[in-house]
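Per chain, numbering begins at 1; letters A, B, ... match sequence-line order.
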Amino acid sequence: MTKMEKPANFSRRSLLKAGGAFVVSIGMPIGAETLLSINTAFAQATATRPPLVPNQLSSYVAVNADGTVSAFFGKMDMGQGLYVSIGQMVAEELDVAFEKVTVFMADTRTSVNQGGASGSTGLQMGGRQMRAASAEARRVLIEMAAQKLNLPAEQLTVTDGVVHAKADASKRASYAELIGGRHFNVELEWNKQMGNALYAPGKAQPKNYKDYKIVGKPIKRVDVAPKAFCTEPFVTDIKLPGMVHARMVRPPVAGATIVSVDESSIKNIPGGRVVRDNNFLAVVADNEWDAVKALRQLKVQWSNSQPPFIDQATLYGHIRKAPVRHREEMKPVGNVDEAFKSAARVIEADYEWPFQSHACMGPACAVVEIASNGHVTCWSGSQKPHFLRDGIARTLGVKAETVDCIWVVGPGSYGRNDADDCGNDCAVIAKAVGRPVRLQYMRDEGTGWDPKGPASIHRARAAIDANGQVIAYDFLSKGFSRIDVNTNGSQPRDTLAGHFRGVELRSGNNFGLPSESYAFANKRMAWETIPPFLERASPLRSAHLRDPVGPQIHFASESFMDEVAAALAIDPIELRLRHVKDPRDIALLKAAAQKSGWQSRPSPRKDQTGSTVSGRGVAYATRNGTRVAIVAEVDVDRSTGKIWARKFTVAHDCGQIINPDGLVHTIEGNIIQALSRTLWEEVKFDPKSVTSVDWQTYPILDMTEIPETIDCVLLDYPDRPPTGAGEGAMRPVAAAVANAVFDATGVRIRQMPFTPDRIRASMS
Amino acid sequence: MAKFTLDVNGKPHAIDVDPDMPLLYALKNDVGLNNPQFGCGLAQCGACTVHLNGQPIRSCVTPVSAVGDSKVVTLSGLGTPEKPHPLQTAYVEEQVTQCGYCISGWIMTAAAFLRDNKKPSDAQIKQALQGIKCRCGTHVNILRAVKRAATMMG
């Protein structure tokens, strides 16, 4: 079985070699005559299918002629097991074997816009819709069988894709017999939302969790073997007849504009040509290596523009002083200012987090073909291909229906990375050259020009009364917006193609608040955004990077909880348990403590001498319903400044667990990537541009630095809806490590990342 | 331009290319393989790793003219679904990949290492794989898979 399908040779029509639509109206009993007449009508309209719209059951699920099931999912699998988990949910509700279900993902030709990968909502919101649609499909199939078998629907049940009488299994009709090869034509009750929020249930109620046979079982992923044996293409492997290759030419000083381009400088390149539109500049050649050579050879005179950035050493001072463009505050609890006035003691601290890069494994790649009839097809690794479709349509000035975007697994995806820029760039080039174009960025663009996770500063304060009780808590983040460019490439103003062609960047305002359930009598949390350095194409434009602003906010807020505990000489878990109010959060912290063998005592340890010292730290956070508590155990070599995060214990609660096997792998990946961001990652820049352009100038965690152990405690709440796991475990890692370093050394480090240089300097 | 005959995964491939062109581009575009991948073009990440006479090399910085008669083996030449290399089996069993774009770096490097080093320790495996990049953070699974393959290879 495979849940993968080569995008190039797949079409919905070829899958459903049906002969059209079978009309079932909700609420209207289907009589034998209706059935007959519809079947007749259907036979006369072979190629018809219901439109691909959110309120149609056929947009989500279909039964093929052989009884297998196709599910059409408007999100995608970034390698965290959604092919399997969605397949499990669909199979469960339909009562078919898991192996019978194939999930097709993130292709505008086959699925509606369910938001793409976004905010770890694959199961939470995307799965919810697939579950509802599959339950409705089962209900409709039972109704059809009731007519066929002349039995009341209540007397029927389903076993492995066969509807049969509960009392007599010989009275049966298989899904294949009932509708195989034809489309459902059942209207759903759509909430009129697109993207993540799209929800369109039918009349059916999904199953009670107590009846689950497939959901909750560990099932292995189906997309690993095709990668291990190279049997499926990455987006970088898509090849079309007549395809040419392109590379983008970026200015050496951000914001510089083109004065002149010497096209003759690449005249020796076969098929070499320049594509220019305002400051959008690309080279094209017949083969890929020649496109790379053309990029290196092309002589461009750039404007002598003022370097737009600052000396990086002054970054946090810049953020502190920068005008506040926008402020948002949670509804305050109590009266924070009054409480601080009455405090016997005030604890306060500032924390700093740098710009970080997606730095995907490879720079983005896209292939765009514009057919002779004007139809545009883009193959992209974008995690939001439906939005990219809209962006390309706007970039090219055509209707969205004229464009299809097909997601093919790309070189990593952790948010709004360079893939959306690449698809739009490639479309501009394809239109200019009139041939299919493959564009792949170079490494320096992948790291240097991708949208960045925003840099920020955070100030936390706690008011303590004479009895040592925390009476007030005040937390403020100030930083670059998480949406200088939006989370998807649907608007030219959010893409490099737009910026270089003259559309102004229109930076939006968003940051975030700590997410936890600490109940203090007086509590205020707020965030403030500042303007970007440059209001056009900028290698420091900020956007969503995995768990957008979660790591920076909770590095600060959870380091600070530890500072409060240390100041009051209380065990850090004990302090948290005193204030955390949500019972699931309490259970979580206790689970982490128990599993890690936590010894209750205040930090820091003061019993170690010698160069290498050890410590443990805890941090906890919630994220859209998911809760994670992490205990980190670290060794710190005080002479070299090198930290080894030896062990992580992760207590994880994401509600109902769909696939524990996939969940553990997802958590492990989160921990490692978050540890990399904690120990190494910082985008370097100078006044002219970003200088982190490869793996030496943007180092990440190495194989020799990985933890010995990542222990996961999965708290399952099968009676609750599933929430996301794609990002939650990333959130508390930095603080857990920071707190462990403090425990080991007694030194509190409030600036990320924890590179050996910084640690060594902090120790002296 | 110059004519070369590359021995790739046991089959000859005649190509006519710029001698300075890195082998990676020949493998992807002239031979038409799905893997290796372009990660950096700077020999910093490993995504382009192939074997040249059994030794892992970075094809993104190896000119075609330097290949000569050497036998080039890529990930798809290392094993097939029908006859997998133990590392490929272990990768599937341990569910290693997320995006999977880095896969050639790890498997091709580990394959040469395990061929020459029986029963390695964890530290030896990590050392052998130093410098190879995985951005999704699958390192703990990679280590499990290499250990599993080491056991399979005795």
Considering only heavy atoms from C-beta outward, does the side chain of A:Ile706 approach that of B:Leu143 to under 4.5 Å? yes

At a heavy-atom separation under 4.5 Å, does A:Asp290 approach chain B through its side chain, its backbone, both, or neither? neither

Test side-chain contact (heavy atoms from CB on, under 4.5 Å), reference B:Val140, set A:His665, A:Glu668, A:Met703, output is A:Glu668

So for A:Lys239, is it side chain, backbone, both, or neither that comes closer than 4.5 Å to the heavy atoms of chain B? side chain

So A:Phe229 and B:Val92, do their side chains get closer than 4.5 Å, heavy atoms only? yes

For chain B, which of A:Arg221, A:Gln696, A:Arg546, A:Gln673 has the most heavy-atom pairs under 4.5 Å? A:Arg221

Side chain, backbone, both or neither of B:Ile103 within contact of chain A (heavy atoms, under 4.5 Å): side chain

Contact check, side chains of B:Asp18 and A:Trp289, non-hydrogen atoms, under 4.5 Å: yes

Taking heavy atoms only and a threshold strictly under 4.5 Å, list by residue number the residues of residues 440-447 of chain A that touch chain B; give 'none' if the list is empty. A:Gln440, A:Tyr441, A:Met442, A:Arg443

Evaluate the ring planes of A:Phe234 and B:Tyr101, with Trp represented by its six-membered ring, and classify them as parallel (under 30°), tilted (30 to 60°) or perpendicular (over 60°). perpendicular

Out of A:Pro411, A:Ala225, A:Cys360, A:Gly362, return the one with the most heavy atom pairs under 4.5 angstrom to chain B. A:Pro411

How long is the straight-line distance from CG of A:Asp77 back to SG of B:Cys99, given to the nearest 0.5 Å? 11.5 Å

B:Asn34 side chain vs A:Cys230 backbone, donor-acceptor pair below 3.5 Å: yes

Please assess A:Thr666 against B:Gln98 for the test side-chain contact (heavy atoms from CB on, under 4.5 Å), listing each intermediate value before the final yes or no. CA-CA 9 Å; A:Thr666 298; B:Gln98 281 196 24; 5.6 Å; no

Under 4.5 Å from any heavy atom of chain B - which part of A:Met361: both

Heavy-atom closest pair, residues B:Gly39 and A:Pro363: O-CD, 3.3 Å

Please test B:Arg135 against A:Tyr414 for side-chain contact (heavy atoms from CB on, under 4.5 Å), starting from the C-alpha separation and ending with a verdict. CA-CA 10 Å; B:Arg135 185 55 170 145; A:Tyr414 319 105; 3.5 Å; yes

Measuring only between side-chain heavy atoms, which start at C-beta, is B:Asn29 closer than 4.5 Å to A:His245? yes

Going by residue number, which parts of residues 65-86 of chain B are within reach of chain A, meaning a heavy-atom gap below 4.5 Å? B:Leu75, B:Ser76, B:Gly79, B:Thr80, B:Pro81, B:Pro84

Give the minimum heavy-atom separation between B:Lys28 and A:Thr236, together with the two atoms involved. CE-O, 3.9 Å

Non-hydrogen atoms of chain B under 4.5 Å away: do they reach the side chain of A:Ile671, the backbone, both or neither? neither

